[in-house]
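This report concerns only the one structure given below.
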Amino acid sequence: MSDTVVTRFAPSPTGFLHIGGARTALFNWLYARRHGGKMLLRIEDTDRERSTEAAIKAILDGLSWLGLTWDGDVVYQYARAARHREVAEQLLRAGKAYYCYASQQELEEMREQARREGRPMRYDGRWRDRDPSEAPAGVKPVIRLKAPTDGETVIEDEVQGRVTWQNKDLDDLVLLRSDGTPTYMLAVVVDDHDMAVTHVIRGDDHLTNAARQKQIYDALGWDVPRFAHIPLIHGPDGAKLSKRHGALGVDAYRSMGYIPAALRNYLVRLGWSHGDQEIFSTEEMIAAFDLASVGRSPARFDFAKLENLNGHYMRLADDEDLIRAIEAILPELGPSRGLGTTFDPSLRRKLLAAMPGLKERAKTLVELLDSASYLYARRPLALDEKAKGLLGDDGRGRLAIVLPRLEAIADWSAETTEAAVRGVAEETGLKLGQLAQPLRAALTGRATSPGLFDVMAVLGRDESLSRLRDQLA
RNA sequence: GCGCCCAUCGUCUAGCGGUCUAGGACGUCGCCCUUUCACGGCGAAAACAGGGGUUCGAGUCCCCUUGGGCGCGCCA
């Protein structure tokens, strides 16, 4: 076995790439990067009924958006069915597996009886040592593994530690279905072996599977990869993640205006820690990531923390990059906001100019776009309730005082407008806020916005003055 | 039901027998900064699930209880 670390992410394409899957992929990716190895991608599409082309695309797109690149070609498990069958037959010839002719009904009865007797539900091995000549006519058999009946199966898990099962609690699992297709259990073992996977990093829900897979490895005489079963992500209520909270596809997070750097940082800290460090650049997380520091208890998904991180990374982001990120989701966001699916050049320029003030205040790209509404709102502006409150008689009166001074400015800029408004404040004895708030309301239709003078500068002289006059008309 | 896993502030977590009157972050609440909102700064409230052991000493080790989770398919 080679020294090079090979990890793999192996989703089944029966739905979108959900947040737990994304984190599993991230951990695999980080571990491979950390050790100068490779992360392979395998699509587990042996369930022909439920696997879809759309799901495959969603997974690939999701990984790409998150910046999690895989090495080599994508492996499609279904395409390897012949190899899986070959291994099952190899096991059969070696006496490590056998044909089982038990019917669905027999299996059901076994389960029922086990339940009644309070025993673990397991196949009783009735065909284990029976001669195939006793096979009922017309029944297509499955191939089962002849698993050890006593002793124990032990997994040395990189995060869970040593986990032990009594072999008597594990039954003879099906390797090959009666239609000749491999089961997940067989396919995973064969593929991981053939792909030279050294580290299997996956969700905790597979821990029990690891025991059964270990038995297959042993029967085959193959080296067992290192296992690392990471705790699952739960919803805010501690129960299973449902669509209501976090069990959305990563595309949904994209649509909600989260950016990849934030999601990566949020995800890496779910179940993994590195002292007190909270913020990790991609390079930092690669350098610091290790399996030993992965916790064993499940984590709850917390939107508030994700938002905080998203705000952090947005403030750090390049202005032009943020615009591009918004443009990428504009087809979804634009229409309902009276915008098209792309920005017209003039609005794009304004957005770029206002970006420093905008990104400081938003937690998501959606919030950012909404807070920029004053840039694309049409005159006369619709005022929200608070803005209306600011433009009562007093407010309008102050507006009337300031307006002529602003009209007198020829070289319109943040500096000149600020000087003018401050001048009025000094002369009248009014506080700056008493003048600024009515101006803000008239210019943006809201009580909050980026810095007032930046707003006026980006809007320009004509538009600014027109909006002020609209409110005095 | 059986098997396996887990258990520190509301949440993510630090803690790997004494340095813990338990640290950080998000969130919450104050104060400061301030043209608003944010950002930033300062500060506060907030946790070792319960019970037994082991030990000179336990958040840290063991057992039990309780509470959660995952698994128990010819699904993956």
Side-chain angles (χ1 to χ4, degrees), chain A residues 10-14 44-47 49-51 77 100 102 104 107 111 114-123 140-144 155 157 160-161 163-166 169-171 173-179 181-185 187-188 203-212 229 231-232 234 236 238-240 266 269-279 293 295-309 311-312 315 357-363 371 386 390 418 421-422 425 431-437 439-441 444 446-453:
Chain A
S12 57
T14 54
E44 312 221 312
D45 56 351
T46 54
D47 185 341
E49 296 293 301
R50 300 195 298 152
S51 298
Q77 193 160 59
C100 168
Q104 291 293 347
L107 261 17
R111 271 191 281 273
R115 182 191 294 275
R116 273 197 308 274
E117 296 173 9
R119 288 188 292 105
M121 290 171 232
R122 52 189 293 271
Y123 169 71
K140 303 207 73 170
V142 299
I143 293 178
R144 284 184 187 270
I155 298 294
D157 195 275
Q160 303 291 340
V163 187
T164 306
W165 288 264
Q166 297 305 312
D169 294 333
L170 271 12
D171 62 3
L173 65 276
V174 174
L175 297 170
L176 208 67
R177 300 185 189 109
S178 51
D179 65 359
T181 61
T183 59
Y184 162 79
M185 228 46 97
V188 166
D204 210 2
D205 49 340
H206 286 285
L207 185 58
T208 318
N209 292 336
R212 330 206 66 184
H229 289 91
L232 302 175
H234 291 164
K240 193 171 179 170
Y266 177 69
R269 283 287 291 100
L270 230 43
W272 176 79
S273 61
H274 187 64
D276 282 340
Q277 190 172 349
E278 297 285 347
I279 302 294
S293 299
R296 278 122 291 168
S297 54
R300 300 184 188 201
F301 193 87
D302 181 16
F303 270 106
K305 191 148 187 174
L306 208 211
E307 275 203 350
N308 172 273
L309 249 10
H312 172 87
R315 289 193 291 277
L358 254 18
K359 70 182 181 186
E360 185 83 15
R361 293 166 170 78
K363 300 233 181 285
S371 71
K386 285 180 181 166
L390 289 169
E418 176 162 6
V421 176
R422 283 191 187 277
K431 300 184 79 168
L432 190 53
Q434 292 178 293
L435 294 171
Q437 283 303 82
L439 281 168
R440 186 187 314 281
T444 69
R446 300 184 176 187
T448 66
S449 79
L452 184 62
F453 307 110

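In what follows, chains carry the letters A, B, and so on, assigned in the order in which the sequence lines appear, proteins first and then strands, with residues in each chain numbered from 1. These numbers come from the heavy atoms of this one structure, side chains and all, not from hydrogens, waters or symmetry mates.
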Pick the nucleotide of RNA chain B nearest each of A:D47 and A:Q166; which residue has the one closer to the 5' end?
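Its nearest nucleotide being more 5', the pick is A:Q166.
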Hey, which sits more toward the 5' end of RNA chain B by its nearest nucleotide, A:R361 or A:M185?
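In this pair, the answer is A:R361.
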NA contact type, [X], heavy-atom cut-off 4.0 Å: base, sugar-phosphate, or nothing?
X	result
A:D45	nothing
A:Y266	nothing
A:P450	base
A:L452	base
A:A102	base
A:T164	sugar-phosphate
A:V142	base

Rounded to the nearest angstrom, tell me the gap between atom [atom1] in [X] and atom [atom2] in [N].
X	N	atom1	atom2	answer
A:R296	B:C5	CZ	C1'	11 Å
A:L232	B:G71	CG	C1'	11 Å
A:R144	B:C74	CZ	C1'	8 Å
A:H206	B:G69	NE2	P	19 Å
A:D157	B:C70	CG	P	18 Å
A:L207	B:A76	CG	C1'	16 Å

Side chain of [X]: nearest nucleotide among [options]?
X	options	value
A:R440	B:C39, B:C37, B:U35	B:U35
A:E44	B:C39, B:A76, B:C4	B:A76
A:Q437	B:C6, B:A76, B:U36	B:U36

Donor/acceptor link under 3.5 angstrom from A:T183 side chain onto base of B:C74:
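There is none.
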Nucleotide N/O of nucleotides 13-15 of chain B paired with protein N/O under 3.5 Å:
from, atom 1, to, atom 2, distance (Å)
B:U13, OP1, A:G271, N, 2.4
B:U13, O3', A:S273, OG, 3.1
B:A14, OP1, A:S273, OG, 2.8

When rounded to the nearest Å, what value does the distance between [atom1] atoms of [N] and [M] take?
N	M	atom1	answer
B:U19	B:U34	C1'	42 Å
B:G23	B:G43	P	14 Å
B:A7	B:C64	P	16 Å
B:U28	B:A38	P	10 Å
B:G24	B:A46	C1'	14 Å
B:G68	B:A76	P	31 Å

Quick one: look up who B:A22 pairs with, Watson-Crick or G-U, both distances under 3.5 Å, and put none if it's unpaired.
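Here B:A22 is not engaged in any pair, so there is no nucleotide opposite it.
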What is the pairing partner of B:C31, taking Watson-Crick or G-U wobble pairs with both distances under 3.5 Å in any strand?
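With both distances under 3.5 Å, B:C31 matches B:G41.
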Would you tell me if any nitrogen or oxygen in the side chain of A:T46 comes within less than 4.0 Å of OP1 or OP2 on B:A76?
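So the side chain of A:T46 is within the cut-off, an N or O lying under 4.0 Å from OP1 or OP2 of B:A76.
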Side chain to side chain contact (heavy atoms under 4.5 Å, CB included) assessment of A:K386 paired with A:Q437
CA-CA 10 Å; A:K386 285 180 181 166; A:Q437 283 303 82; over 6 Å; no
Steps toward salt bridge (Lys or Arg N to Asp or Glu O under 4.0 Å) verdict (A:D47, A:R50):
CA-CA 6 Å; A:D47 185 341; A:R50 300 195 298 152; 2.9 Å; yes
Does the pair A:E44 and A:V188 meet the rule for a side chain to side chain contact (heavy atoms under 4.5 Å, CB included), with working shown?
CA-CA 8 Å; A:E44 312 221 312; A:V188 166; 3.8 Å; yes
Under 4.0 Å protein heavy-atom contact, by nucleotide of nucleotides 26-34 of chain B - B base, S sugar-phosphate only
SS-------
Quick check, are the ring centers of A:Y266 and A:F301 under 6.0 angstrom apart?
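Aromatic pair counts; centres sit under 6.0 Å.
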